[in-house]
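To keep things clear, I will list the structure first and then write my remarks on it.
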Protein chains: 2
Amino acid sequence: MNNIDLVKIFKALSSEQRLNIFIMLYEWNQTISEGTADCLCLEDGVEKCFTKTCDCLDLSKSTISHHFKELENAGLINCTRIGQSSVCKINMKAIQAIRDFLK
Amino acid sequence: MNNIDLVKIFKALSSEQRLNIFIMLYEWNQTISEGTADCLCLEDGVEKCFTKTCDCLDLSKSTISHHFKELENAGLINCTRIGQSSVCKINMKAIQAIRDFLK
DNA sequence: TTTATTGTTTCATAATAATCGAACTCTTTG
DNA sequence: CAAAGAGTTCGATTATTATGAAACAATAAA
């Protein structure tokens with residue numbers, strides 16, 4: 001993990017809205033691994049993460065779609081589409097890279 | 001450490017130049033704690049960090065001054081002036097906050 | 001096969017951030 | 001005290017980012 005990658009990660013988390021989105025996704029993923037999720041969970045990811053995020057934030061879906069893309073480009077999440085649902089997974093390697101920062 | 005504080009930290013590290021500056025400061029601080037620093041070290045910080053940074057980067061000192069200020073505002077470093085020298089210290093609490101991210 | 005639903009992409013705009021030169025303050029040195 | 005050195009602040013410019021409306025594609029439902 002070189003500096004450029006960390007810059008991409010830090011940049012992705014440097015907007016309050018995107019950090020909010022990321023934290024929500026992270027917590028939803030946790031409820032899945034705990035088995036307490038209140039949603040259908042496909043392929044170990046959060047189902048309908050996009051819709052759920054739109055419900056939680058006062059932003060247009062267009063903007064939220066842009067934010068998802070930035071988180072994905074930074075390698076923080078992986079999103080796929082299953083039917084009409086967007087399924088979203090946290091990339092724990094990126095999290096680990098943050099935790100290893102300057103260690 | 002709430003989200004806002006993390007946003008400030010991530011924002012401060014989200015520019016390639018500022019991340020470079022921060023990593024240099026971090027490493028200079030380490031040479032001090034190892035006792036291998038080649039400079040006079042005042043108050044457990046890096047002496048002449050500003051001048052040294054200006055020597056390492058192709059940026060105006062005005063711009064570098066702004067970057068220092070942003071790192072300081074984010075709580076990542078603490079700078080003081082001793083004589084003509086700017087003395088700079090890494091705030092390890094901020095580093096720890098990053099490492100604790102979503103833990 | 002229409003009609004919703006879900007999300008993406010394009011385009012434009014407003015807001016932020018990065019950068020630098022020049023003028024400035026404070027400190028040291030001659 | 002004059003001159004030089006170390007950083008800061010101000011003002012302006014350029015580059016980047018955040019945002020949303022509208023058109024779009026893909027899927028599901030009626």
Side-chain angles (χ1 to χ4, degrees), chain A residues 3-4 7-22 24-25 28 39-43 45-74 76-89, chain B residues 3-4 7-22 24-25 28 39-43 45-74 76-89:
Chain A
N3 294 358
I4 303 296
V7 166
K8 279 173 72 179
I9 288 175
F10 288 142
K11 195 167 291 197
L13 298 174
S14 71
S15 124
E16 188 174 346
Q17 303 286 16
R18 264 198 312 271
L19 184 61
N20 282 336
I21 291 173
F22 183 72
M24 283 195 292
L25 292 175
W28 290 336
C39 63
L40 262 181
C41 301
L42 306 175
E43 296 200 347
V46 180
E47 197 197 18
K48 291 200 179 185
C49 53
F50 185 83
T51 301
K52 284 171 81 176
T53 303
C54 289
D55 290 345
C56 293
L57 297 180
D58 193 22
L59 288 174
S60 76
K61 60 184 182 159
S62 161
T63 298
I64 291 176
S65 178
H66 290 308
H67 285 323
F68 267 72
K69 201 156 289 297
E70 292 235 25
L71 291 173
E72 204 168 10
N73 286 339
L76 283 159
I77 61 175
N78 293 111
C79 295
T80 52
R81 194 93 180 255
I82 296 186
Q84 270 173 314
S85 175
S86 78
V87 176
C88 185
K89 230 174 133 170
Chain B
N3 295 357
I4 303 295
V7 165
K8 280 173 71 180
I9 288 176
F10 289 142
K11 194 168 292 194
L13 298 174
S14 71
S15 123
E16 189 173 347
Q17 302 287 14
R18 265 200 310 274
L19 184 60
N20 283 336
I21 292 173
F22 183 72
M24 285 195 290
L25 293 175
W28 291 337
C39 65
L40 263 181
C41 301
L42 306 175
E43 296 199 348
V46 181
E47 196 198 19
K48 291 201 180 184
C49 53
F50 186 83
T51 301
K52 287 171 79 176
T53 303
C54 289
D55 290 345
C56 295
L57 297 181
D58 193 23
L59 287 175
S60 75
K61 58 185 182 158
S62 162
T63 298
I64 291 175
S65 179
H66 288 308
H67 284 325
F68 267 73
K69 203 157 287 299
E70 290 235 26
L71 291 172
E72 204 168 12
N73 286 340
L76 284 159
I77 62 176
N78 294 110
C79 296
T80 52
R81 194 91 180 256
I82 295 187
Q84 271 173 314
S85 175
S86 79
V87 177
C88 186
K89 229 172 134 170

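Keep in mind that this is a model prediction, so the values were computed, not measured. Each chain gets a letter, A, B and so on, in the order the sequences are listed, and its residues count up from 1.
Contact detail for B:Ser85 and B:Lys48: the closest heavy-atom pair is OG-N, 2.9 Å. Smallest separation of non-hydrogen atoms from A:Phe10 and B:Phe10: CD2-CD2, 3.4 Å. Taking each heavy atom of B:Val87 and B:Glu47 in turn, the nearest pair found is CG2-CA, 4.3 Å. The two residues A:Trp28 and A:Cys49 make their nearest non-hydrogen contact at CZ3-O, 3.9 Å.
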Pairwise N/O distances under 3.5 Å, protein to nucleotides 12-16 of chain C:
none

Atom pairs under 3.5 Å: protein N/O with N/O of nucleotides 27-30 of chain D:
| from | atom 1 | to | atom 2 | distance (Å) |
| --- | --- | --- | --- | --- |
| D:dT27 | O2 | A:Gln84 | NE2 | 3.3 |
| D:dA28 | O4' | A:Gln84 | OE1 | 3.3 |

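Look at CG on A:Leu13: it is 14 Å from P on D:dT17, rounded to the nearest Å. Separating the CZ atom of A:Phe68 from the C1' atom of D:dT19 is a distance of 16 Å, rounded to the nearest angstrom. The interatomic distance linking A:Asn73 (CG) with C:dT8 (C1') rounds to 14 Å, in whole Å. As rounded to whole Å, 13 Å separates atom C1' of D:dG7 from atom CD1 of B:Ile77. Separating the CD atom of A:Glu70 from the P atom of D:dT16 is a distance of 13 Å, rounded to the nearest angstrom. Per the geometry, CZ belonging to B:Phe50 stands 17 Å off P belonging to C:dC26, to the nearest Å. B:Leu71 places its CG atom 11 Å from the P atom of C:dA18, with the value rounded to the nearest Å. Nucleotide D:dG7 holds its C1' atom 13 Å from the CD atom of B:Glu72, rounded to whole Å.
Applying the side chain to side chain contact (heavy atoms under 4.5 Å, CB included) rule to B:Lys69 yields the partners B:Asn73; only residues at least two apart in sequence or on another chain are considered. Residues passing the side-chain hydrogen bond (donor to acceptor under 3.5 Å, both in side chains) test with B:His67, sequence neighbours excluded: B:Arg18. Take A:Ser62 and apply the side-chain hydrogen bond (donor to acceptor under 3.5 Å, both in side chains) test, not counting sequence neighbours, and it matches no residue.
Atoms CG and CD1, from A:Asp58 and A:Ile64 in turn, are 9.0 Å apart once rounded to the nearest 0.5 Å. Taking CG of A:Leu19 as the reference point, atom CE of A:Met24 lies at 10.0 Å (rounded to 0.5 Å). Taking CD of A:Glu70 as the start and CD1 of A:Ile77 as the end, the distance is 11.0 Å to the nearest 0.5 Å.
In this structure, the side chains of A:Thr63 and A:Gln17 stay at 4.5 Å or more apart for every pair of heavy atoms. No side-chain heavy atom of B:Leu76 sits under 4.5 Å from any side-chain heavy atom of B:Leu25.
Applying the 4.0 Å criterion to OP1 and OP2 of C:dA17, one finds that B:Arg18 has every side-chain N and O outside that range. Checking the phosphate oxygens (OP1, OP2) of C:dT19, a side-chain nitrogen or oxygen of B:His67 falls inside 4.0 Å.
At a non-hydrogen distance threshold of 4.0 Å, B:Leu59, B:Ser60, B:Ser62, B:Thr63 from residues 54-63 of chain B come into contact with DNA chain C.
Listed nucleotides: C:dT8, C:dT6, C:dA18. Nearest to the side chain of A:Ser65: C:dT8.
Counting distance only, with no hydrogens placed and no angle test, the side-chain atoms of A:His66 and the base atoms of D:dG20 include a donor-acceptor pair under 3.5 Å.
Nucleotides of DNA chain D nearest to B:Ile64 and A:Ser15 differ in position, and the one nearer the 5' end is that of B:Ile64.
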